Amino acid sequence: MGKAGGLIALALALACLALGRFPAAIVLAIGGFYLLGRAARAAPARAAKGRVVRTRLLEVEIDPSTGGIRGRVVGGRFARRTLGSLSPHEATALWREARIKDPDGARVMEAYLDRLDPRWREHGNGSAAGDRKPEITLDEAYSILGLAMDATRADVQRAHREMMKRFHPDQGGSNYLASKINAAKDLLLQRLPE
């Protein structure tokens with residue numbers, strides 16, 4: 001029911017109050033405020049949903065509105081730890097490990113470290129993980145661009161343009177995110193008729 005149910009209950013409570021039915025008005029008002037409160041608490045949880053990216057060492061969620069990254073390490077030396085629990089030194093060590101074992105994971109860690117401290121390369125003696133395009137599945141491509149399976153070429157191009165406005169490295173995004181968005185567009189456009 002959510003917000004609409006809460007508003008209806010409050011409207012009915014006002015009607016009952018006008019008719020002098022105070023017990024019914026009180027019950028409806030309590031129910032209405034309860035539903036509105038529940039809807040308000042659920043909205044941030046729904047808004048927080050992002051794009052899930054899985055690599056050999058990582059499982060992370062990227063918030064499409066902010067580019068924020070959170071998740072956990074699923075392999076290697078820091079397995080079963082969350083990214084947030086890693087110190088900057090440990091996060092840099094995970095990036096180094098990923099460069100060897102998981103190039104896509106290294107790109108995720110670069111994006112994470114870029115947001116954590118834009119100067120981490122100076123401190124951590126790091127360099128980019130390379131220019132190899134990330135490999136993605138068809139389902140990931142649709143998910144990255146936020147499109148349904150019946151999307152047209154125009155839908156793909158429009159979604160790509162909108163995502164790049166938010167996540168291009170020149171706009172505060174990262175090379176990793178931009179490469180994922182570009183790879184998604186390329187894969188989908190290859191499969192769609194012109």
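Values reported hereafter were calculated over all heavy atoms of this structure, with side chains retained and with hydrogens, waters and symmetry mates removed. Quick caveat, the model's predicted, so the values are computed rather than measured.
From Leu138, atom CG reaches atom CD of Gln190 across 10.5 Å, with rounding to the nearest 0.5 Å. Distance check: Glu110 CD to Ser179 OG gives 9.0 Å after rounding to the nearest 0.5 Å. Considering CZ of Arg166 and CD1 of Ile181, their distance stands at 8.0 Å, rounded to 0.5 Å. Atom CZ in Arg72 sits 10.5 Å away from atom CG in Leu58 (nearest 0.5 Å). For the atom pair CZ of Arg99 and CZ of Arg96, the computed distance is 8.5 Å after rounding to the nearest 0.5 Å. Taken to the nearest 0.5 Å, the CG atom of Asp102 stands 4.5 Å off from the CG atom of Leu57.
Counting heavy atoms from C-beta outward, Thr55 and Val53 have side chains that approach closer than 4.5 Å. You'll find the side chain of His160 stays beyond 4.5 Å of the side chain of Leu189, heavy atoms only.
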Worksheet item: Under the side-chain contact (heavy atoms from CB on, under 4.5 Å) criterion, do Met149 and Asp139 qualify, and how do the steps go?
Response: CA-CA 8 Å; Met149 298 288 248; Asp139 288 339; 3.6 Å; yes

Discussion item. Would Glu61 and Ile69 count as a side-chain contact (heavy atoms from CB on, under 4.5 Å) here? Give the steps.
Written reply: CA-CA 6 Å; Glu61 187 172 352; Ile69 299 171; over 6 Å; no

Item to complete: Apply side-chain contact (heavy atoms from CB on, under 4.5 Å) to Thr82 and Arg70, showing your working.
Response: CA-CA 8 Å; Thr82 64; Arg70 63 188 173 92; over 6 Å; no

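Taking all atoms of both residues into account, the shortest heavy-atom contact from Met163 to Leu145 is CG-CD2, 4.2 Å. Scanning all heavy atoms of the two residues, the minimum distance from Ala91 to Leu113 falls at CB-CD2, 3.6 Å. When every heavy atom of Ala151 is checked against every heavy atom of Tyr142, the shortest pair comes out as CB-CE2, 4.4 Å. Of all heavy-atom pairs spanning Ala93 and Arg77, the tightest one is CB-NH1, 4.0 Å. Minimum heavy-atom separation, Ala98 to Ala106: CB-N, 3.5 Å. Closest approach of Val73 and Phe78 over heavy atoms only: CB-O, 3.3 Å.
Under the 4.5 Å side-chain contact rule for hydrophobic residues, Ile8 and Val27 do not share a cluster. Val74 and Leu83 fall into different hydrophobic clusters, where Ile, Leu, Val, Met, Phe, Trp and Tyr side chains are chained together by heavy-atom contacts under 4.5 Å.
One N or O on the side chain of Thr92 and one on the backbone of Pro88 form a donor-acceptor pair closer than 3.5 Å. With Asp155 contributing its side chain and Thr152 its backbone, the two residues share a donor-acceptor pair below 3.5 Å. Of the possible polar contacts, one joining the Arg153 side chain to the Leu192 backbone as a donor-acceptor pair under 3.5 Å is found.
With salt bridges taken as basic N to acidic carboxylate O contacts below 4.0 Å, one links Glu97 and Lys101. Ion pairing between a basic and an acidic side chain is recognised when a charged N comes within 4.0 Å of a carboxylate O; Glu90 and Arg81 show such pairing.
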